[in-house]
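Shown next, in C-alpha cells, is the structure this report addresses.
Labels below follow one simple rule: chain letters A, B, ... track the order of the sequence lines, proteins then strands, and each chain is numbered from 1. Just the heavy atoms: all of them, side chains too, but no hydrogens, waters or symmetry mates, feed the values below. Since the model is a prediction, treat every value here as computed from it, not as a measurement.
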Amino acid sequence: MKLQMTEEEIVKGCQVGKERCQKMLYDRFSSMVMGISMRYAKNRDDAQDIFQDAFVSVFVSIRHFKFLGSFEGWVRKIAVNSAVSWYRQEVKERTVDIDMEEDIPDVMVDEELPFTEGDLLGLIQELPSGYRMVFNLFAIEGYKHEEIAEMLGCSVGTSRSQYFKAKKSLKKRIIEKYKQVEI
Amino acid sequence: MKEIGEYFKDKLEGLDSQPADLLWDKVRNDPAMRRFNRIQRFKRWSLFVGVPAVVVLVTVITWYYRSSVQVEQIPVAEKQETHQDLISESSNSAFSESVAPVSSTILQSQEQPAVQKTELQTSAPGVNNPQNRDVVYSEVNKKRGESTTVKSDILPPPHNYKSQIEKREKQQNIEPQKEAAQAKGPIVTQSTADPEVTFVEDATSLTHTDPEVADEPRIFIPRGFTPNYDGENDFFKVYSEQEIPQFELYIYDRNGNMLYYSKNWSDGWDGTYQGREMVMGVYVYLLKYSTSKGDPKVEKGTFNLIR
C-alpha cells in the first residue's frame, strides 16, 4: 500500500472504484471544486449541492477519462457543468431581457481596490442567478456567448445582455462597497 | 483601471474554499456513487473469481468430454486385446477361463486319461471307491470321446495351437504324480499344497461341468475397427478359434445400404465400399451362422469404424 501515489495512479484506482483512491482524489481537488461551486451558488448550501453533484459526476464518469489533457481541467469542467445543470434544474426564475446584439461596452474598475476574494465572491453571490451564471461562465471560465447560450438554454443575445447587466450591477455594488470602505 | 470581468477573473479564478468535512460522507453515500462502486467492485471480483472459475469449468468440461470419448473407445480396444490374449494363451482372466473349455477339451482328448480322473474326483467327490470311479470314468470318457472326436474332425487347429498344447502340458506335468497318489489313496487331497495343481483342477473341472458350451462356435465380434493398414484391427471380422459353419456376414451403413457380404468366416470388411473409404461412424452387422449341432443363430449389432 503506497502512501504517495501519482495523480495517474489515483485516477486509475478511481476508475475501478477503489474507495481509498477516491478519498485521495477528493482531498486533492475538493477545495478547488468548492471554490467553483461557491462562485456559481447564491449561498454555501447551494454551493454544497453543486459540490456534491460535481464530485459524484467526477467519480462516476472518471472511467471515461482517457488521460488526454490535464485532469484538473477535466474536473473543473465537470464542476462547471454541474453548476450549470444545477442552475437549470433549481432556478426557475428566468429574467426576461432585451436581446443585445452589439458589443458589450467595457466597464472599468480600479485594480488597486482593497477587496478580498471573499468580498468579491460575496458580490457575485448577490447577483441574480442568471447574471451570476453568465458572468462566471464568460468572465472567469472564458466560454463564448454562443456556448453559454447553449449551456443555459437561452439566446446568445440574452447571454450578452445579462453579462452587461451583471457588469453594471457589480460596478455599482463595488462603488457602494468602496464608499463604505472609504468611510 | 481594469475591465471588471478581468478583475474578477484574476481574483477569483484560483479561488479555493475548504468544504465542510461532512461533505465527503455525503459524496460517498450518494446513491449514484454507491451503485458505481458496487458495480466496479463486482467487476474486480468477477475478474479475480470469475476468470479462474471459467478456466476450471472449461478444464472440467474438456476433461469430461475427453474421458467420455475414451470410454467409448476403450471397450473396443480392450475387447480386442482380450480376444488376442485368448487366442495366444489362456490366462487367469474370467473371459479366458470361460473360453478355456474349448481348448482344454481338445487337449484332453489327446491327454492321458489321468487328467480326467482328477476332474472326476473333484467334481464328484462321492465317488471314492476305485471301482465306482472306473465306471464313472469310463462313462464320462465315452461321452467326452464322442464330443471331442466330432470336434477334432471339423476343427482346423488354431494358429498357435501347438504352443498352447505345450503350455498345457507344462501346467499338467504334475498330473502323473497326482495320478500315482490317487492310485494308492482312495481320495484326492483337497489340501494340495501346490497352487498349480489347484489351477489345473479348476480349469479342467470347468470343462466338465459346462460341456454344452463346446457345442457352438465361440465367436467374438469386435465393437470397432481401425482400417488404417497398420496391421492391427484393419478389418471388421468375426473372430473364432474354429470354423463357423454356414457363416454369412452382412454389413450395412446407418441408412441400411449393404456395404459388405461374405460367406467366408475368415474374411473381414476393410472399411471400403465400391473402392471408396467409408467415413468414421457407426455401422451395423448382421451375422448368421449355425452351431455345430446345426441350430441357426443370428447376431446383430453395431460397431464403430474409427479412422
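- Here CG of A:Leu120 is found 15.5 Å from NZ of B:Lys9. Values are rounded to the nearest 0.5 Å.
- For a residue to count as touching a neighbouring chain, one of its non-hydrogen atoms must lie under 4.5 Å from one of that chain's; by this rule A:Phe138 does not touch chain B.
- Counting heavy-atom neighbours within 6.0 Å of B:Asp21 CG, excluding the residue itself, gives a total of 12 or less.
- Counting only heavy atoms from C-beta outward, the side chains of A:Val60 and B:Asp30 never approach each other to under 4.5 Å.
- No other option in A:Val33, A:Asp27, A:Val16 has as many heavy-atom pairs under 4.5 Å with chain B as A:Val16.
- One distance of note links NZ of B:Lys11 with CG of A:Leu123; it measures 12.0 Å at 0.5 Å rounding.
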**Prompt:** Could you go step by step and tell me if B:Leu23 and A:Tyr26 meet the side chain to side chain contact (heavy atoms under 4.5 Å, CB included) rule?
**Reply:** CA-CA 10 Å; B:Leu23 272 180; A:Tyr26 178 87; 3.4 Å; yes

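- Comparing A:Gln52, A:Arg44, A:Lys171 by how many heavy-atom pairs each has under 4.5 Å with chain B, the most go to A:Gln52.
- Looking only at side-chain heavy atoms (C-beta outward), B:Asn37 and A:Gln22 come within less than 4.5 Å of each other.
- Within 6.0 Å of the OH atom in B:Tyr261, the count of heavy atoms belonging to other residues, nucleotides or ligands exceeds 12.
- Of the two parts of A:Phe59, the backbone and the side chain both hold a non-hydrogen atom closer than 4.5 Å to a non-hydrogen atom of chain B.
- In this structure, B:Ile4 and A:Lys167 approach most closely via the heavy-atom pair CG2-CD, 3.3 Å.
- For the atom pair CD of A:Glu19 and CD of B:Gln40, the computed distance is 12.5 Å after rounding to the nearest 0.5 Å.
- Nearest heavy atom pair, residue A:Gly17 against residue B:Phe36, reads CA-CE2, 4.1 Å.
- Of the two parts of B:Lys43, neither the backbone nor the side chain holds a non-hydrogen atom closer than 4.5 Å to a non-hydrogen atom of chain A.
- Only the side chain of A:Met38 comes within contact range of chain B, judged by heavy atoms closer than 4.5 Å.
- Neither the backbone nor the side chain of B:Arg38 has a heavy atom closer than 4.5 Å to any heavy atom of chain A.
- When each of A:Lys23, A:Glu117, A:Arg63, A:Glu141 is checked for heavy-atom pairs under 4.5 Å with chain B, A:Lys23 comes out on top.
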**Message:** Could you walk me through whether A:Ile140 and B:Leu15 satisfy the side chain to side chain contact (heavy atoms under 4.5 Å, CB included) test, starting with their C-alpha distance in whole Å, then the side-chain angles of each, then the deciding distance to 0.1 Å, before giving a yes or no?
**Reply:** CA-CA 11 Å; A:Ile140 299 174; B:Leu15 177 76; over 6 Å; no

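- When each of B:Gln18, B:Arg28, B:Met33, B:Arg35 is scored by its heavy-atom pairs under 4.5 Å with chain A, the top score falls to B:Met33.
- Expressed to the nearest 0.5 Å, how far CZ of B:Phe8 lies from CG of A:Leu170 amounts to 4.0 Å.
- Summarising the local packing, CZ of B:Arg34 is surrounded by 12 or fewer heavy atoms from other residues, nucleotides or ligands at distances under 6.0 Å.
- Counting heavy atoms of neighbouring residues, nucleotides and ligands inside a 6.0 Å radius, atom CD of A:Glu126 exceeds 12 of them.
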